[in-house]
Amino acid sequence: MEPASKYRAQGVSGDNIVRTTKDGVVKPHLTALVLARGGSKGIPGKNIKVLAGVPLIGWVLRAAIDSRLFDSVWVSTDDEKIMKVAERFGARVHRRSPEVSKDTTSSFDTIVEFLKYHPEIDVIGNIQGTSPCLHPKHLKDVIRMFLEEGYESVFSVVRRHQFRWEELSDKVTVTRPLNFNPAKRPRRQDWPGELCENGSFYFATTDLIKRGFIQDGKLSYYEMEPEYSVDIDVDIDWPIAEQRVLKYGYLGEDAVNHVALLVCNIDGCLIPNRVPPSANKTETTDDCEGDAAAISLLKEKGIKVMFISERSISGKTNPLSEFDCKMEVNVKDKKTTVEKEMKALQASWNEVAYMGSEPSDVECLKKAGISGVPNDCSEEAQVASTFICKSNGGPGALREFTDRIGLLLSRVTAEADQC
C-alpha cells in the first residue's frame, strides 16, 4: 500500500492542457471521483481487497493523483475502512448518504448527490475502482479531449472481436447471428471488431449531468488497449486481474529502477509474531528454504542483504543464521542503523528495499524505495508500506517480497527499453 505521503493531489499542473476563452486562459475545475460502496455482494470487501499487494481502489487512485490533472480526487463511500484506505492514498472522502448507498442505487444518482456539495466542479470523471490497469496517460488523453476539442462527455471502450448470437427464449426458438454472416465468417485481421464499454471511466461536464445525462451532448469514446481493460465483478475475475495488473498495472511515478540494499526485520517477518521463538521452539533453515533461495538470488544480483532485530537473537533462533548476511541485533534506532549501512554502500533511500512489520519499522518503510509487510503486520506498518504480502510473518513472506522486487525491476527495465 502506498503511504499517503507519497501520493497527494497536487491540483492541475498540466500547463499544456488548457482552454482558451475571449477573456484569456481558463483552467476549469477538474475532479476525479471513485464510487466505492462498502456492501459489495459479488466479492465481499472488494474495493479494498488486496490485489497484487495493493488495495483495489489504490491502483486507480494512484493513477488519478499521479496524473496531476485534477483539482481534487475523491472517494464517495459509506464504509469507514474504505475511507481510511482512500485517505492513505491521498484522496479526499465524501461520506455518501444512506439514500445513495443501497444495492439499487445507480452510479448516476450517487454522482448527482456528490455534485450538490461541490458546485465548483466543471468536469467530473467517474473512475471505476474495479479497473486496476488504468494509467495516468489514459486520463491525460481524455482531459485533452475536453479542453482542446470541446467534448462534453467521454467514456472508455475496448475493441472486441466476438461473434454475437441472439438468445433463445419462449418466443425465439431458432437463434440468428447478430453481428456477422456465418457464410462469410471474417478473419480477425479482416474485421475491425466492435467497440464495447470497458467500464474504466465516464467523464462528463457538470452542465450535462445537471440535464440528466452522463453520455450525451458532444459525445466521444476513448479506446483503451485490451491489456489495460480489466474489470472485476466476481471472484473468478480476481486471479486473472492479479496477473494482468502485475504486468500492465501502473507502478507509480516513484517506481525504483535499482536496489542496492535489502533490509528485513527478523521479528514478525522471518519469525512469526504469533509463535515467539524459545528454547523449545526454534526456526531452522529448512523452514525457510524459499527465503534462503531468494536471498541467494539477490546476492547474485549484487544486492546487499541485512537483517535487523530489536531483540537479542542467537544463532539458534535466527532462521537464516547459516547464511552470509549481515545481522544487527538489539537495534534501538532502525533508521540510523539502516542509514549507516547505506552510507557504506553509497546508496540512497530510493535504492533500499525494506521489509518490516512493527510500528518501529514505519519510518524506514516510508523512506524506502520499495517497502513490504507480512499480511498480519501491525496496522501502522501496513499503512506505511507499498506492498502487502499474502503470507503472514514467517517462512515464505520474505520470498514473496523479493519476488515483488524482481517483478518491479524487470517491469521498469522493460518499459525503459521501449522508450
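From a predicted model like this one, the values you see are computed outputs, not experimental measurements.
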* Decide salt bridge (charged side-chain N to carboxylate O under 4.0 Å, His left out) for R164 and E194; before the verdict, give the C-alpha distance in whole Å, the side-chain angles of both, and the deciding distance to 0.1 Å. => CA-CA 11 Å; R164 295 184 294 110; E194 296 180 325; 3.2 Å; yes

* Run the numbers on K334 and S360 for side-chain hydrogen bond (donor to acceptor under 3.5 Å, both in side chains), then give the verdict. => CA-CA 8 Å; K334 293 178 178 177; S360 58; 2.9 Å; yes

* Go through K140 and L69 one step at a time and tell me if the side-chain contact (heavy atoms from CB on, under 4.5 Å) criterion holds. => CA-CA 7 Å; K140 291 177 181 179; L69 295 171; 3.4 Å; yes

* Pair H94-E113, side-chain hydrogen bond (donor to acceptor under 3.5 Å, both in side chains): steps then yes or no -> CA-CA 10 Å; H94 170 74; E113 185 207 56; 3.2 Å; yes

* Asked: Stepwise, does the side-chain contact (heavy atoms from CB on, under 4.5 Å) test hold for K332 with E310?
  -> CA-CA 6 Å; K332 304 303 181 184; E310 297 176 65; over 6 Å; no

* Let me see the working for Q128 and L35 under side-chain contact (heavy atoms from CB on, under 4.5 Å), right down to the final yes or no. => CA-CA 7 Å; Q128 305 281 41; L35 307 181; 5.6 Å; no

* Asked: Between E197 and Q215, is a side-chain hydrogen bond (donor to acceptor under 3.5 Å, both in side chains) present by the stated rule, with each step listed?
  -> CA-CA 12 Å; E197 291 186 16; Q215 291 171 299; 3.1 Å; yes

* To do: Start with the C-alpha distance between S200 and M224, add both sets of side-chain angles, then the distance that settles side-chain contact (heavy atoms from CB on, under 4.5 Å), and finish with yes or no.
  => CA-CA 9 Å; S200 187; M224 293 176 67; 3.8 Å; yes

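A salt bridge (charged side-chain N to carboxylate O under 4.0 Å, His left out) with E242 holds for exactly one of K49, K390, K247; it is K390. The only member of I266, D291, D403 that meets side chain to side chain contact (heavy atoms under 4.5 Å, CB included) when paired with L398 is D291.
In this structure, Y248 and P226 have side chains that are not in contact, with every pair of non-hydrogen atoms separated by 4.5 Å or more. F387 places a side-chain heavy atom less than 4.5 Å from the side chain of E400. The shortest side-chain heavy-atom distance between N375 and S391 does not fall under the 4.5 Å cut-off. A heavy-atom distance below 4.5 Å is not found between the side chains of V230 and V245. Proximity of I124 to I209: side-chain heavy atoms (C-beta onward) are separated by under 4.5 Å at one or more points. By the 4.5 Å heavy-atom criterion applied to side chains, Y250 and P136 are counted as neighbours. Taking 4.5 Å as the limit, every side-chain heavy atom of Y151 sits out of range of all side-chain heavy atoms of Y222. In this structure, the side chains of F89 and V85 come closer than 4.5 Å at one or more pairs of heavy atoms.
The two residues E99 and T105 have their closest heavy-atom pair at O-OG1, 3.5 Å. Between L56 and G129 the shortest heavy-atom distance is CG-O, 3.3 Å. Across every non-hydrogen atom of D78 and G38, the tightest pair is OD1-N, 2.9 Å. Between L30 and I143, the shortest heavy-atom distance links the atoms CD1-CG2, 3.9 Å. The nearest pair of heavy atoms linking K102 to P98 is CG-O, 3.7 Å. Nearest heavy-atom pair, P374 versus G356, reported as atom, atom and distance to 0.1 Å: CD-O, 3.3 Å.
Stacking of R187 on the aromatic ring of W191 is not recorded, the 6.0 Å distance cut-off and the 45° axial limit not both being met.
With rounding to the nearest 0.5 angstrom, the NZ atom of K367 is 8.5 Å from the CE atom of M342. Rounding to the nearest 0.5 Å gives a distance of 10.0 Å between OG of S156 and CG of L139. To the nearest 0.5 Å, atom CD1 of residue I214 and atom CG of residue L208 are 8.0 Å apart. Note that CG of L262 is 7.5 Å distant from CD1 of I303, once rounded to the nearest 0.5 Å. Between the CD atom of E225 and the CG atom of N198 there is a distance of 10.5 Å, given to the nearest 0.5 Å. A distance of 8.0 Å separates CG in L33 from OG1 in T31, rounded to the nearest 0.5 Å.
Using a 4.0 Å cut-off between a side-chain N of Lys or Arg and a carboxylate O of Asp or Glu, K326 and E341 qualify as a salt bridge. Looking at E380 and K366, no side-chain N of the basic residue comes within less than 4.0 Å of a carboxylate O on the acidic one, giving no salt bridge. A salt bridge does not link D141 with K137: none of the charged nitrogens is closer than 4.0 Å to a carboxylate oxygen. By the 4.0 Å N-to-carboxylate-O rule, R211 lies close enough to E152 to be salt-bridged with it. Checked for salt-bridge contact, R159 and E223 meet the test: a charged N lies under 4.0 Å from a carboxylate O. Note on E339 versus K335: salt bridge recorded, some NZ/NE/NH1/NH2 to OD/OE distance being below 4.0 Å.
Other residues, nucleotides and ligands place more than 12 heavy atoms under 6.0 Å from the NZ atom of K218. Under a cut-off of 6.0 angstrom, the local environment of CD in Q189 is crowded, with over 12 non-hydrogen atoms contributed by other residues, nucleotides or ligands. Atom CZ of F108 has more than 12 heavy atoms from other residues, nucleotides or ligands within 6.0 Å. Heavy-atom neighbours of R95 CZ from other residues, nucleotides or ligands within 6.0 Å: at or below the threshold of 12. E379 CD: 12 or fewer foreign heavy atoms inside a 6.0 Å radius.
F155 and Y202 have parallel rings, their planes meeting at less than 30° on a 0 to 90° scale where 60° marks the start of perpendicular. The aromatic rings of F146 and F203 sit tilted relative to each other, their planes meeting at an angle between 30° and 60°.
Between the side chain of H138 and the backbone N or O of H135 there is at least one donor-acceptor pair closer than 3.5 Å. One N or O on the side chain of T402 and one on the backbone of R399 form a donor-acceptor pair closer than 3.5 Å. Between the side chain of S357 and the backbone N or O of D267 there is at least one donor-acceptor pair closer than 3.5 Å. A distance-only check finds no donor-acceptor pair linking the side chain of T206 to the backbone of V123 [under 3.5 Å]. Judged by distance alone, the side chain of R144 and the main-chain N or O of E148 form no donor-acceptor pair under 3.5 Å.
In summary, the side chains of S101 and R37 do not present any donor paired with an acceptor at a separation below 3.5 Å, with no hydrogens or angles considered.
W74 and Y117 have their aromatic ring centers separated by at least 6.0 angstrom.
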